[in-house]
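In what follows, a structure is listed as structure tokens, so that the remarks can point back to it.
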Amino acid sequence: FVNILLGSWKSAEKWQNLLCMLLGTAGTGKTTTLKCALQLLTERGMQKYVVAAYTGVAAVNIGMSAITLHELFQLRKTVATSPGQLQPLSDVEMDAFLERMAGAQLLVVDEVSLLSKLLLKQIHDRLVEWRRATNRHDLASLPFGGLAVILAGDFGQLPPIANPASWSLVWLDAVHGAAESTALNHGARLLKSFTTVVRLRRVHRQVGQSLYKESLLRLRDGAMTKDD
């Protein structure tokens with residue numbers, strides 16, 4: 001994972017198109033790996049990255065000045081007449097957003113399992129709005145406004161809260177019949193842009209072989225045995 005990021009950083013074009021997932025069960029070292037990668041990228045010239053998570057608890061746990069996605073992107077501001085569509089930021093809100101995103105070269109989003117297709121699309125929309133506000137129209141047509149994005153987490157953990165199962169990123173079929181169908185299916189297409197996926201498999205939190213640990217992993221994957 002670290003080598004992928006460092007290799008992409010050497011090329012402006014590769015970095016601009018970097019959309020990557022870092023997956024792994026609890027205890028596999030996702031946060032440690034992220035912190036190591038960000039430190040090495042900073043040593044190689046990265047000036048700013050932005051870290052966000054769905055919940056405040058996760059933002060605190062991951063550190064790195066992380067905040068919630070709703071605070072960062074003002075996701076509660078939706079248009080009543082257009083389901084799933086975000087309201088444009090006011091001048092004051094845009095000024096604050098521009099200050100927070102100034103010079104950002106990477107967005108890291110933790111707790112990927114809690115993201116819905118709609119939320120992913122709204123993140124994209126806000127980043128496109130940011131690019132247009134900074135007159136980077138050349139980047140506004142790219143996924144997430146041409147900003148490198150890392151989605152981290154474990155799809156075996158909690159799914160999106162208070163949403164139908166079809167809104168989850170792991171639901172592969174197109175959504176029909178919902179008022180937000182267009183936005184949801186756009187979010188599904190955005191997910192397909194993440195062509196680089198790294199999965200950490202070794203659990204470091206419980207070192208060595210453990211029947212209990214292995215049983216829990218099989219329970220997570222729905223692959224229990226009679227012995228479990």
Side-chain angles (χ1 to χ4, degrees), residues 1-5 7-9 11-25 28 30 33-34 37 49-54 69 72-73 75 78 82-86 104-132 136-161 163-201 221-222:
F1 175 75
V2 174
N3 289 336
I4 290 172
L5 296 187
S8 298
W9 179 249
S11 166
E13 182 178 356
K14 286 184 178 179
W15 187 258
Q16 183 176 289
N17 293 294
L18 178 70
L19 297 174
C20 179
M21 287 192 201
L22 177 63
L23 307 178
T25 61
T28 52
K30 297 184 294 297
T33 301
L34 274 173
Y49 53 82
V50 177
V51 184
Y54 187 87
L69 289 167
L72 176 60
F73 293 110
L75 297 179
T78 58
S82 182
Q85 182 66 39
L86 288 174
Q105 296 163 293
L106 172 66
L107 171 66
V108 179
V109 178
D110 195 21
E111 293 186 312
V112 64
S113 68
L114 283 167
L115 268 63
S116 67
K117 297 170 184 174
L118 180 59
L119 186 57
L120 192 66
K121 192 260 187 187
Q122 291 176 335
I123 292 172
H124 160 81
D125 287 346
R126 197 63 91 201
L127 290 173
V128 169
E129 184 182 356
W130 165 57
R131 290 301 196 191
R132 288 172 177 162
R136 292 304 308 269
H137 299 282
D138 56 319
L139 298 177
S141 61
L142 299 175
F144 305 98
L147 182 66
V149 179
I150 297 173
L151 300 180
D154 175 16
F155 282 114
Q157 297 185 19
L158 287 174
I161 298 171
N163 291 141
S166 59
W167 289 33
S168 169
L169 294 179
V170 298
W171 185 278
L172 301 180
D173 296 333
V175 179
H176 301 286
E180 301 87 356
S181 293
T182 300
L184 289 166
N185 292 327
H186 187 181
R189 292 193 297 273
L190 286 168
L191 181 65
K192 293 180 180 179
S193 302
F194 288 81
T195 55
T196 301
V197 180
V198 176
R199 182 179 179 187
L200 305 180
R201 296 181 179 274
D221 295 333

Inset, instruction - Tell me, please, which residues at least two apart from Glu129 pass side chain to side chain donor-acceptor pair (under 3.5 Å). - result: Arg126
Legend entry - side chain to side chain donor-acceptor pair (under 3.5 Å) contacts in which one or both residues fall within residues 171-181, not counting sequence neighbours: none
Legend entry - side chain to side chain contact (heavy atoms under 4.5 Å, CB included) evaluation trace for Leu119 with Tyr54: CA-CA 10 Å; Leu119 186 57; Tyr54 187 87; 3.7 Å; yes
How many angstroms lie between [atom1] in [X] and [atom2] in [Y], if you round to the nearest 0.5 Å?
X	Y	atom1	atom2	answer
Leu22	Lys30	CG	NZ	7.5 Å
Thr195	Met21	OG1	CE	9.5 Å
Ser113	Ile161	OG	CD1	9.0 Å
Ser116	Leu169	OG	CG	7.0 Å
Leu115	Trp167	CG	CH2	13.5 Å
Lys192	Leu172	NZ	CG	8.0 Å

Legend entry - Counterpart residues, salt bridge (charged side-chain N to carboxylate O under 4.0 Å, His left out), relative to Arg136 (two or more places apart): Asp138
Inset, instruction - Report the residues that fulfil salt bridge (charged side-chain N to carboxylate O under 4.0 Å, His left out) with Lys121, sequence neighbours left out, ordered by chain and then residue number. - result: Asp125
Holding to side chain to side chain contact (heavy atoms under 4.5 Å, CB included), I want the full list of residues that pass it with [X], two or more places apart in sequence or in another chain.
X	result
Ala188	Lys117
Ala148	Trp15, Leu18, Leu106
Pro143	Leu19, Leu190, Ser193
Leu142	Gln16, Leu139

So which heavy atom on [X] is nearest to which on [Y], and how close?
X	Y	value
Leu114	Pro159	CD2-O, 3.2 Å
Ala37	Val2	CB-CG2, 4.0 Å
Asn185	Val175	OD1-N, 2.9 Å
Ala104	Val50	CB-CG2, 3.9 Å

Quick one: are [X] and [Y] in side-chain contact, heavy atoms under 4.5 Å?
X	Y	result
Thr33	Thr28	no
Trp130	Leu147	yes
Phe1	Ile150	yes
Arg132	His137	yes
Ile123	Leu107	yes
Glu111	Leu158	no

Inset, instruction - Sequence neighbours left out, what passes ring-ring contact (aromatic ring centres under 6.0 Å, His included) with His124? Give chain and number order. - result: Phe144, His186
Legend entry - salt bridge (Lys or Arg N to Asp or Glu O under 4.0 Å) pairs, two or more places apart, involving residues 142-158: Asp154-Arg220
